[in-house]
Every structure is written in C-alpha cells, then in structure tokens.
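All values reported here derive from a predicted model rather than from experimental measurement.
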Amino acid sequence: MVEAERVICESSVLADAGNGVRFEIQRYGETLPAFVIRFDGRVFGYINACAHVPVELDWMEGDFFDADQRYLVCATHGARYEPDTGYCVAGPCAGARLRPLKVLERDGQVFLVEPVER
C-alpha cells in the first residue's frame with residue numbers, strides 16, 4: 001500500500017497534555033473532524049468523535065484534556081479516554097476506543113500518514 005504524508009502542524013504548538021490541534025480528513029467520501037495531541041512527549045491522533053455517540057470531544061476548540069491533564073474527555077458525555085491508546089476508562093462507553101490515526105513527528109512538524117487510493 002502506498003502512503004502519503006500531510007503536514008498537520010508545527011511540533012512546537014503541541015504542549016504536553018495541552019491543547020490539541022484540530023484538522024479534517026477524508027474517509028470513504030466523507031469529511032471527518034480529527035485532532036492531534038501530545039502526551040508523555042509523544043504525538044497521538046484520533047478521529048474527533050466520542051465512542052458513545054459520535055459528537056466531537058472538545059467543547060472549546062482544542063481543549064481535549066480533563067482538569068488533571070490525565071485523560072482526554074468528551075465534553076458532552078464525560079467519557080474519559082487514555083491519551084496514548086484512545087481506550088475509554090470511564091463513562092457511558094467504557095471499554096470502547098477512539099479511532100486512531102497514523103501520525104508521526106519529524107523535522108519539527110507533525111504529519112498525518114494516509115493510504116493513497118490507486
């Protein structure tokens with residue numbers, strides 16, 4: 001499979017357990033909201049949709065972490081997700097997961113890695 005990289009943001013805008021960066025992706029002819037965050041020094045990306053009901057997690061743009069900066073939280077349902085796995089540890093969708101995206105960090109930038117249809 002051929003993959004392409006797309007720049008999402010500069011690495012410097014992602015503080016550890018700080019605000020994330022929102023962007024959009026195309027999947028199966030549909031535009032979906034997505035985001036990247038930094039946690040424990042690593043960058044993670046997810047589709048911006050709660051596993052309980054597909055509403056965006058952040059109530060204020062880019063504000064994905066709970067007050068303790070330990071979990072990603074759905075502002076609508078209160079579901080809590082591990083930032084590094086997307087696993088829901090509390091809330092109405094406990095045991096479910098956020099949908100991960102392949103992201104990488106290189107040369108001061110964060111990239112989305114996507115399959116290219118041929």
Which pair of non-hydrogen atoms, one from Gly45 and one from Val103, has the smallest distance, and what is that distance? N-CG2, 3.7 Å
Check ion pair Arg70-Glu82 (N to O, under 4.0 angstrom): no
Taking every heavy atom of Val73 against every heavy atom of Arg80, the minimum-distance pair comes out as CG2-NH1, 2.8 Å
Under the side-chain hydrogen bond (donor to acceptor under 3.5 Å, both in side chains) test, residues paired with Asn48 that sit two or more places apart: Asp58
Quick check: is Phe35 connected to Phe44 through a chain of hydrophobic side chains (ILVMFWY, heavy atoms under 4.5 Å apart)? yes
State plainly whether one hydrophobic cluster holds both Phe64 and Met60, where clusters connect Ile, Leu, Val, Met, Phe, Trp and Tyr through side-chain heavy atoms under 4.5 angstrom apart. no
Is there a donor-acceptor contact under 3.5 Å linking the side chains of Thr31 and Glu24? no
Within the structure provided, determine whether Phe23 and Val36 are in side-chain contact (heavy-atom separation under 4.5 Å). yes
Indicate the atoms forming the closest heavy-atom contact of Glu61 with Asn19, along with that distance. O-ND2, 4.4 Å
Within one Ile-Leu-Val-Met-Phe-Trp-Tyr cluster: Val21 and Val110, side-chain cutoff 4.5 Å: yes
Through direct or indirect side-chain contacts below 4.5 angstrom among Ile, Leu, Val, Met, Phe, Trp and Tyr, which residues connect to Tyr71? Tyr87, Val89
Out of curiosity, Ser11 OG to Gln109 CD, how far, rounded to the nearest 0.5 Å? 7.5 Å
Can you tell me how far CD of Glu105 sits from CG of Leu14, rounded to the nearest 0.5 angstrom? 7.5 Å
To the closest 0.5 Å, what do you measure between CZ (Arg42) and CG (Leu104)? 12.5 Å
Return all side-chain donor-acceptor pairs below 3.5 angstrom for residues 91-102, not counting sequence neighbours, or 'none' if the list is empty.
residue: Arg97; atom: NH1; partner: Thr85; partner atom: O; Å: 3.4
residue: Lys102; atom: NZ; partner: Glu3; partner atom: OE1; Å: 3.1
residue: Lys102; atom: NZ; partner: Glu3; partner atom: OE2; Å: 3.2

Let me check something: do Leu32 and Leu112 share a hydrophobic cluster, defined by ILVMFWY side-chain heavy atoms less than 4.5 Å apart, either directly or through other members? yes
Are side-chain heavy atoms of Arg106 and Glu5 found at a separation under 4.5 Å? yes
Hey, does Pro83 have a side-chain heavy atom less than 4.5 Å from the side chain of Ile37? yes
Transitively linked via ILVMFWY side-chain contacts under 4.5 Å: Leu57 with Phe65? yes
Answer yes or no: is there a side-chain heavy-atom contact under 4.5 Å between Ile25 and Ile47? yes
Below 30° counts as parallel, above 60° as perpendicular, anything between as tilted: where do the rings of His77 and His52 land? perpendicular
May I ask you to decide if Gly62's main-chain N or O and Arg22's side chain share a donor-acceptor pair within less than 3.5 Å? no
Please check: side-chain N/O of Tyr81 versus main-chain N/O of Ala51, any donor-acceptor pairing under 3.5 Å? yes
The test is side-chain contact (heavy atoms from CB on, under 4.5 Å); show your working for Thr76 and Trp59 and say whether it passes. CA-CA 8 Å; Thr76 303; Trp59 177 67; over 6 Å; no
